[in-house]
Amino acid sequence: MKVEMTEEEKQSLLLDLLRQHMLGEISQGELLQYLRKNVLGMSQTHYAELVGISRRTLTDIEQNKGSQAQGIIDKVFKPFGVKSSLAPIEPHMACYLLVGKA
């Protein structure tokens with residue numbers, strides 16, 4: 001269900017979700033699924049068509065299955081103005097990067 005939000009609210013939500021992801025609180029798949037459903041209000045089929053991948057590939061990404069190529073991951077996050085990049089493995093390192101202290 002799509003929630004009507006201002007651009008500022010969308011940006012704030014996205015930053016919060018990215019923070020949660022960097023801290024290991026939510027997976028990449030959970031992040032994508034939340035954004036697809038709650039920001040865009042789109043079905044998997046429609047979103048897969050929008051970004052140019054199969055619905056099966058989208059399902060795999062959202063369920064954290066398989067190992068998708070970097071280009072595919074960038075495709076699915078592009079509508080949100082996000083691309084994947086290197087991130088710390090350890091949550092305490094992400095915290096340090098986010099707030100400037102461990």
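- Remark: S54 pairs with T57 by the side chain to side chain donor-acceptor pair (under 3.5 Å) rule, at least two apart or across chains.
- In this structure, CD in Q11 is found 13.5 Å from CG in D16, a value given to the nearest 0.5 Å.
- Under the side chain to side chain contact (heavy atoms under 4.5 Å, CB included) criterion, E62 pairs with L32, Q33, R36, Q44, L58, not counting sequence neighbours.
- Sorted by first then second residue, the salt bridge (Lys or Arg N to Asp or Glu O under 4.0 Å) pairs that include residues 48-58, not counting sequence neighbours, are R56-D60.
- Taking each heavy atom of L50 and P79 in turn, the nearest pair found is CD2-CG, 4.2 Å.
- Here E8 pairs with nothing under the salt bridge (Lys or Arg N to Asp or Glu O under 4.0 Å) rule; sequence neighbours left out.
- Taking E9 as the reference, M5, T6 meet the side chain to side chain contact (heavy atoms under 4.5 Å, CB included) condition, with sequence neighbours excluded.
- Scanning for side chain to side chain contact (heavy atoms under 4.5 Å, CB included) contacts around I73 gives Q28, I61, Q68, F77, S84, with sequence neighbours left out.
- From K10, atom NZ reaches atom CG of L35 across 11.0 Å, with rounding to the nearest 0.5 Å.
- Checked by atom type and distance alone, the side chain of Y34 never pairs as donor or acceptor with a backbone atom of L17 at under 3.5 Å.
- Looking only at distances, a side-chain donor or acceptor of K75 sits under 3.5 Å from a matching main-chain atom of G52.
- The two residues S27 and N64 come nearest to each other via the heavy atoms OG-ND2, 2.8 Å.
- Side chains of V39 and L14 form no contact here, defined as non-hydrogen atoms less than 4.5 Å apart.
- Residues that satisfy the side chain to side chain donor-acceptor pair (under 3.5 Å) test with K78, not counting sequence neighbours, are absent from this structure.
- Residues meeting the side chain to side chain donor-acceptor pair (under 3.5 Å) test with E25, sequence neighbours left out: none.
- Residues F80 and L40 come closest through the heavy atom pair CZ-CD1, 3.6 Å.
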